[in-house]
Amino acid sequence: MFTNTILGKILFFLRSFFPIQLLFGHLKYNLFALSFWIFLFLIITDKIGFSYGIPFLFYSPEYNGEIGWVSFALMGFAIGGFTMAFNTYSYMKLGTKYAFLATLSRPFIRFCFNNSILPIIFNIYFIYRFINFQRTEEFATDADIYGYIFSYIGGFTLFISIALLYFFPVNKDVYKLLGKSTEEEKIEEGVGSILHNNIHWTDYFKYQKDRTFIYMVTLFYWRKSRSIKHYDKLLLKRVFSRNRINSSFFEIVTIVAFVFIGVFRNSPFFEVPAAMSFVMLLTIILMLFSAFRSWFGYWTQAIIIILVILMNYLSSTTSWFQYTSYGYGLSYKPDKLVPFNIETITELNLEKEKVIAAREKYIHVLNNWKKATGQKKPKMILVMTSGGGSRSAVWTFSVLQKVDKRFDGRISKHIHTITGASGGMVGASYFRSLLLEDKLHNTTNRFNENYQKNISKDLLNKLIFAAYSNDLFYRDRIKLGNNIYTKDRGYAFEQQLHENTNNTMNVPLSYFKKPEENALVPTMFFTPTIVNNGRRLLISTHNMSFLCVGKKTNSGLTSSYEYIDYQSYFNNNSTNDLRFSSIMRMSATFPFVLPMVTMPTTPTMHIMDAGLRDNYGGKLTMEIMYSMRKWIKENTSGVIILQIRDTKKLLRGDVVKNVSLINKFTMPFGNMYDNFPKTQDFDQETLMRYAVHKIGFPVNFISFNLLEEQKKRISLTWHLTGQEKARVNKAFYSRGNKYALHKLERLMRESR
């Protein structure tokens with residue numbers, strides 16, 4: 001017979017070995033839970049989120065600013081929690097498929113032990129990946145790495161042990177329900193006997209309701225399951241139901257415990273690594289779904305869909321489920337809500353007297369800037385900085401700091417405006433704040449290298465922790481002035497930024513009003529995108545309505561009013577009290593990472609990342625030059641546009657790859673995102689080419705590029721590894737950037 005051959009015995013063993021059959025069971029009945037493991041595997045194999053540094057958060061968890069045994073122990077604890085969530089949900093889905101479990105001693109624990117292939121494979125591979133990463137990217141020693149391994153395993157084991165302490169006394173089998181001793185120990189038949197059954201090869205493909213399995217009691221002690229034909233089916237279901245209830249109780253306690261940690265989120269002790277928060281969020285989702293499954297059975301999916309539809313309906317017709325992310329400092333009082341419609345936008349642009357007054361006042365700022373340079377015909381420097389998370393923040397700060405130091409502080413006097421998006425504006429804002437401190441106290445502390453370390457510190461841990469512990473369940477309230485706001489992950493981001501930068505930017509917008517007017521510091525313009533209609537909110541200490549007004553032409557071209565001036569549109573909402581960090585956050589609201597900011601309008605105006613419309617600040621820079629072209633031509637020796645880019649326009653090693661079958665379906669969507677910065681570059685190049693040709697004064701472009709090669713990538717995130725920070729420091733001294741510095745020196749000699 002076929003089963004007497006070696007191949008037949010192997011196939012029959014694989015068909016009977018319970019851990020392997022559980023894998024097939026997941027594929028057949030439990031794809032939802034299995035998808036969570038697949039998702040984690042894709043992360044640690046760099047298939048998902050590599051460009052955003054998501055895998056690095058797992059390989060190099062950071063706790064209270066340090067990567068050490070505590071951070072890896074916390075990661076292990078989180079993975080242990082996720083493993084138990086996977087086991088409890090899987091037991092709900094698969095327990096009744098393998099009814100023989102009810103006849104075993106402690107059936108749920110037996111199930112977990114035999115369901116451990118996926119967690120074991122994941123942990124082995126994950127440990128292998130973080131060993132390589134720590135050695136090559138974080139420069140960890142062998143002693144450190146061994147400590148990380150033992151800490152990770154210890155954290156994982158700790159959670160599993162806590163779970164087992166609960167399940168050992170409450171885990172029921174059929175004999176305990178009957179008040180009898182278990183029969184598992186009475187089985188004398190060896191495991192090998194199962195391989196001597198004579199069956200036809202076609203039986204491998206037949207479904208058998210009462211099959212025999214080989215299950216693991218311990219790693220090296222395996223047993224053969226008994227037939228369950230003689231057991232009462234209702235009794236077996238009672239065993240499963242009792243263990244399901246016990247599992248549900250454990251899940252609820254675990255969820256409550258994880259959420260309860262969020263109560264202490266303001267304590268540094270509970271600022272757990274970002275990857276741990278991410279895994280805990282997956283754990284909560286899986287456990288909640290498991291609890292729903294336990295309570296509602298096959299109605300679970302339908303009930304969840306109905307709840308989502310109901311929540312969506314209530315959110316659009318009532319104030320329920322309207323999770324508002326505030327601009328801290330703005331007034332959101334009901335009687336001060338601004339109508340948000342095209343009529344209001346148009347009306348503001350028709351107030352000619354106010355528009356003319358705003359223009360004249362800005363020319364006064366320009367005159368003060370010229371006076372501060374001490375030259376008759378100074379070079380005007382307009383800085384454009386790109387978005388890109390922490391890498392852009394650190395790079396922009398580094399370039400401004402090093403260039404200004406090279407020129408003994410003269411460059412900062414010639415910088416008139418700074419435009420851009422996201423992280424670049426965060427780094428530029430930090431440099432400007434330090435510059436103001438130096439001007440007020442007549443020092444040069446801004447050249448201290450420790451400031452670059454401050455802006456490169458982690459901004460992600462507190463943000464992600466707040467996302468699952470605060471945003472999903474309960475939002476604290478905070479009172480600022482006469483206004484009360486709720487806290488969310490946006491607030492957590494701002495607080496972490498203040499901690500990293502010693503509260504240098506923890507000020508209202510009005511703090512910079514006089515310094516900008518008196519040319520102590522450059523003028524900054526933030527242009528976050530208005531999600532509702534694609535326009536841009538132009539935020540500054542100045543009224544810039546003259547840039548927003550529609551221009552009448554004989555061609556019949558209709559103005560669409562792209563810009564909405566912040567100062568004039570929200571003039572009754574305490575505009576200058578808006579916290580400066582909230583403005584930076586508006587400009588850096590990357591989708592899903594940070595919540596969209598809600599402005600005090602009706603209907604509500606939602607604000608998102610400035611990079612959606614202009615990642616480099618080029619369009620607004622051209623608008624300012626064109627609007628002030630007469631003054632610039634008469635009072636300067638030309639304009640230097642200083643571009644600080646996180647990625648060079650043309651990267652070395654950038655190749656076009658072949659298109660696969662799946663790519664043909666995904667490329668139409670991926671193309672819109674992957675080529676988004678490139679299309680902005682193409683559009684702005686054309687715009688600048690025409691502008692420079694017609695503008696009537698010299699315009700020179702200088703670019704400092706962080707990334708020049710395709711292979712040397714730095715993740716787009718709010719967390720940088722040690723190696724990535726080193727690459728940012730080294731980038732300033734590349735051949736291309738040295739050439740840019742020499743060109744700047746030559747042009748500045750023309751300033752007179």
ask   = Hey, would you say the Phe493 and Trp718 ring centroids sit under 6.0 Å apart?
value = yes
key: Gap between atom CE of Met276 and atom OG1 of Thr283 - 0.5 Å precision   = 9.0 Å
message = List the residues meeting side chain to side chain donor-acceptor pair (under 3.5 Å) with Glu62, not counting sequence neighbours, and say none if there are none.
response = none
key: Side chains of Tyr63 and Leu74 in contact at under 4.5 Å (non-hydrogen atoms)   = yes
task = Show your reasoning for whether side chain to side chain contact (heavy atoms under 4.5 Å, CB included) applies to Phe56 and Glu724.
result = CA-CA 11 Å; Phe56 304 160; Glu724 288 175 330; 3.2 Å; yes
remark   = Value for NE2 (His719) from CG (Leu463), rounded to nearest 0.5 Å, stands at 13.0 Å
inquiry  = Go through it in stages, so that I can follow the logic: the residues are Cys112 and Met84, the test is side chain to side chain contact (heavy atoms under 4.5 Å, CB included), and I'd like the CA-CA distance, side-chain angles, deciding distance and then a yes or no.
reply    = CA-CA 8 Å; Cys112 293; Met84 288 307 301; 4.3 Å; yes
message = Looking at every heavy atom in both Pro61 and Ser71, which two are closest together, and how far apart are they?
response = O-OG, 3.1 Å
request  = Measure the shortest side-chain to side-chain distance between Arg489 and Pro595 over non-hydrogen atoms and say whether it is less than 4.5 angstrom.
outcome  = yes
ask   = Do the two ring centres, one from Phe58 and one from Phe130, sit under 6.0 Å apart?
value = no
task = Scan residues 151-161 for pairs that pass side chain to side chain donor-acceptor pair (under 3.5 Å), counting only residues two or more places apart or in two chains.
result = Asn123-Tyr152
Close side-chain approach of Leu34 and Leu31, heavy atoms under 4.5 Å = yes
task = Could I get the full list of side chain to side chain contact (heavy atoms under 4.5 Å, CB included) partners for Thr136, not counting sequence neighbours?
result = none
task = Begin with the C-alpha distance, continue with both residues' side-chain angles, and end with the deciding distance and a verdict on side chain to side chain contact (heavy atoms under 4.5 Å, CB included) for Phe122 and Ile79.
result = CA-CA 10 Å; Phe122 177 85; Ile79 297 295; 4.0 Å; yes
message = Are the side chains of Ile67 and Gln134 in contact, using a 4.5 Å heavy-atom criterion?
response = yes
Heavy-atom pair of closest approach, residues Gly53 and Thr717 = CA-CG2, 4.4 Å
query = Residues two or more places apart in sequence or in another chain: which of them pass side chain to side chain donor-acceptor pair (under 3.5 Å) with Ser90?
reply = Asn30
query = Passes side chain to side chain contact (heavy atoms under 4.5 Å, CB included), Leu720 versus Arg727? Steps please.
reply = CA-CA 10 Å; Leu720 297 177; Arg727 287 174 184 166; over 6 Å; no
ask   = For Tyr91, which of Tyr29, Phe113, Phe111 qualifies under ring-ring contact (aromatic ring centres under 6.0 Å, His included)?
value = Phe111
query = Which value, rounded to the nearest 0.5 Å, describes the distance between Phe18 atom CZ and Ile117 atom CD1?
reply = 10.5 Å
note = With sequence neighbours left out, the residues meeting ring pair (Phe, Tyr, Trp, His ring centres under 6.0 Å) with Tyr148 are Phe72
inquiry  = Going by side chain to side chain donor-acceptor pair (under 3.5 Å), name the residues that satisfy it together with Asn115, two or more places apart in sequence or in a different chain.
reply    = His26, Asn87
query = Are more than 12 heavy atoms from other residues, nucleotides or ligands located less than 6.0 Å from atom OH of Tyr146?
reply = no
key: Pairing residues for Ser116 by the side chain to side chain contact (heavy atoms under 4.5 Å, CB included) criterion, not counting sequence neighbours   = Ile120
query = side chain to side chain donor-acceptor pair (under 3.5 Å) with Glu138: which residues, sequence neighbours excluded?
reply = Ser60
ask   = At what distance, to the nearest 0.5 angstrom, does CD of Gln723 lie from CZ of Phe133?
value = 8.5 Å
inquiry  = Would you say that more than 12 heavy atoms from the other residues, nucleotides or ligands in this model lie under 6.0 Å from the CZ of Phe150, or not?
reply    = no
query = Side chains of Phe86 and Leu118: closer than 4.5 Å at any heavy-atom pair?
reply = yes
inquiry  = Once rounded to the nearest 0.5 Å, what's the spacing between atom CD1 of Ile145 and atom CD1 of Ile127?
reply    = 12.5 Å
message = Quick check for you: to the nearest 0.5 Å, what is the distance between Lys462 atom NZ and Ser277 atom OG?
response = 12.0 Å
remark   = Contacts satisfying salt bridge (charged side-chain N to carboxylate O under 4.0 Å, His left out) that involve residues 141-159 (not counting sequence neighbours) are Arg135-Asp142
ask   = Tell me, which pairs form a salt bridge (charged side-chain N to carboxylate O under 4.0 Å, His left out) where one or both residues lie in residues 68-82, sequence neighbours left out?
value = none
key: Validation row: Leu27, Leu23 side chains within 4.5 angstrom (heavy atoms)   = no
Listed pairs under 3.5 Å, donor-acceptor, residues 36-50 side chains, sequence neighbours left out:
residue	atom	partner	partner atom	Å
Thr45	OG1	Phe41	O	2.7
Thr45	OG1	Leu42	O	3.2
Asp46	OD1	Tyr59	OH	2.9
Asp46	OD2	Arg129	NH2	2.7

